[in-house]
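Worksheet for the structure shown next.
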Amino acid sequence: MVEKSAVYSLSLSARATLDMHSLNNEGGEGNQIQTRMVDVVAGDGELYNVNAISGDMFKHIQAEHLYNIARNSNDGQGLPLCAACHVFDANRISADVEFMEQIAEKSDAEAIDLMVQTCALDDIEGNLLTGEGRSTPRKSVVEFGWVLGVPRVTTTNSYFHVKYARDRGIETEEDEEARQANLEQRIFHRPASSGVYAVVSHYEIARIGYNDIAQHYAIDHDARAARHRALLESVLYTFVQPKGAMRAAQMPHIVGFEGVLTYTTKVLPAPTVSPLNAGYPGEIEGVAEALNALYPGAVVTLPFDSLAGFASIVRDLIEGTTPYSLAV
């Protein structure tokens, strides 16, 4: 049996080409839906206003995929979920009344142990346990940056839409004017964005199952390995099917996905450089070479030029890696 590589840290830097999407909007004003725009400084040092999708949105997409994997894993065993996560409650284990009663008299370290053992979703995605005199954090293993439009190759336009309001059964002549108004066309404007987007994300693989307060693992290595596999699958599905706002009529066209996935086999952060810098693949390779000069073989870089290439890399990681174990 080939020994699997132990992954301490995993990072993704990529450019995703998405057309005609509306994954993240700020709300509406009158009959105009507003998309999210942010100011960024690109690799050329200039300031630009670009369309963006929040990291919160992508973390929610990834968490939902992880939830589905946890409930329906291919081996039929599933992963443990608390009562609230079984129904994908946004508050997760904090909304599990029985669990919160269990930890009422426990220390913070004991509460985190029980959380990690009870729920894979809370372990990986993080949470804040609050209650009578308690504010106990569980830091997320998963980190997403804003998904930012690359200047000059990303644009947002507003598109005209119309619908007819149905007759609500107005019967009297006095209400004829109101009836006519009710049948008028209802006009609204909906945005859609197209372009190349810079993606950065990081995954603290070694912290899966780890209690940061007590400085030990609350679950065994086999359980950690199962969660590691599920996490990697959820990251792949996040970019295969990026969910979000208005997908019913504006499902994103995924045109391309290219970048570099890095991971480390020692206690080093996996390097990432924003794809807002056009030279990001070379920058990442340079950082990896410098770190490998200090710790030979510690940093692995895996470039890809398509979504299929990314899927192949993640499949190999699922089959050939295991979570790194911190000294306890």
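Along the sequence shown, the residues carry numbers beginning at 1.
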pair [X]-[Y]: side-chain heavy atoms closer than 4.5 Å:
X    : Y    : result
I219 : R227 : yes
L317 : I313 : yes
L10  : L261 : yes
I254 : L18  : yes
Q117 : P80  : no
V141 : Y210 : no
L47  : D39  : yes
L231 : I205 : yes

Any side-chain donor-acceptor pair under 3.5 Å between [X] and [Y]?
X    : Y    : answer
Y237 : Q62  : no
H202 : S9   : yes
T136 : D108 : yes
H221 : T322 : yes

Around K139, counting heavy atoms of other residues, nucleotides and ligands shown, do more than 12 lie under 6.0 Å from its NZ?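 Correct, the count exceeds 12.
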
Other residues, nucleotides and ligands only: do more than 12 of their heavy atoms fall within 6.0 Å of CG on D89? yes

To the nearest 0.5 Å, what is the distance between [atom1] on [X] and [atom2] on [Y]?
X    : Y    : atom1 : atom2 : value
E258 : S306 : CD    : OG    : 9.5 Å
T17  : H253 : OG1   : NE2   : 13.5 Å
T301 : E285 : OG1   : CD    : 3.5 Å
R315 : E233 : CZ    : CD    : 13.0 Å
D122 : I93  : CG    : CD1   : 4.5 Å
H65  : T238 : NE2   : OG1   : 5.0 Å

Is the backbone of [Y] close enough, under 3.5 Å, to the side chain of [X] for a donor and an acceptor to pair up by distance?
X    : Y    : result
N127 : R138 : no
S11  : A270 : yes
D96  : A83  : yes
R224 : A206 : yes
K59  : E125 : yes
N51  : R36  : yes
T264 : A298 : no
Y8   : S325 : no
Q215 : D212 : yes
T262 : P271 : yes

So which atom in [X] and which in [Y] form the shortest heavy-atom distance, rounded to 0.1 Å?
X    : Y    : answer
A278 : R15  : CA-NH2, 3.7 Å
L23  : P252 : CD2-CG, 3.8 Å
N277 : E283 : ND2-CG, 4.0 Å
F239 : L12  : CE1-CD2, 3.6 Å
P275 : A198 : CB-CB, 3.8 Å
A111 : R134 : CB-NH1, 3.7 Å

Measure the acute angle between the ring planes of F88 and H60, then classify it against the limits of 30° and 60° as parallel, tilted or perpendicular.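 If you compare the ring of F88 with that of H60, the planes turn out tilted.
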
Could you tell me how the ring of F310 sits relative to the ring of F257: parallel (under 30°), tilted (30 to 60°) or perpendicular (over 60°)? perpendicular

Could you go through the side-chain contact (heavy atoms from CB on, under 4.5 Å) check for Y217 and I208 one step at a time? CA-CA 8 Å; Y217 287 103; I208 295 174; over 6 Å; no

Going through the checks in order, is the side-chain contact (heavy atoms from CB on, under 4.5 Å) test met by V142 and Y203? CA-CA 5 Å; V142 177; Y203 311 91; 3.7 Å; yes

Take H216 and D113, measure what side-chain contact (heavy atoms from CB on, under 4.5 Å) needs, and give me the verdict at the end. CA-CA 9 Å; H216 65 217; D113 266 353; 3.0 Å; yes

Audit row: T154, V50, side-chain contact (heavy atoms from CB on, under 4.5 Å) steps and yes/no: CA-CA 7 Å; T154 305; V50 297; 5.6 Å; no

In one Ile/Leu/Val/Met/Phe/Trp/Tyr side-chain cluster, 4.5 Å: [X], [Y]:
X    : Y    : value
V287 : L294 : yes
L114 : L121 : no
V147 : F144 : yes
L232 : I124 : yes
V273 : V200 : no

Cationic N near anionic O, under 4.0 Å, D123 to R207: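 The answer is no: the pair does not qualify as a salt bridge.
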
Test of understanding: with ring-ring contact (aromatic ring centres under 6.0 Å, His included), list the residues that count as partners of Y48, not counting sequence neighbours. none

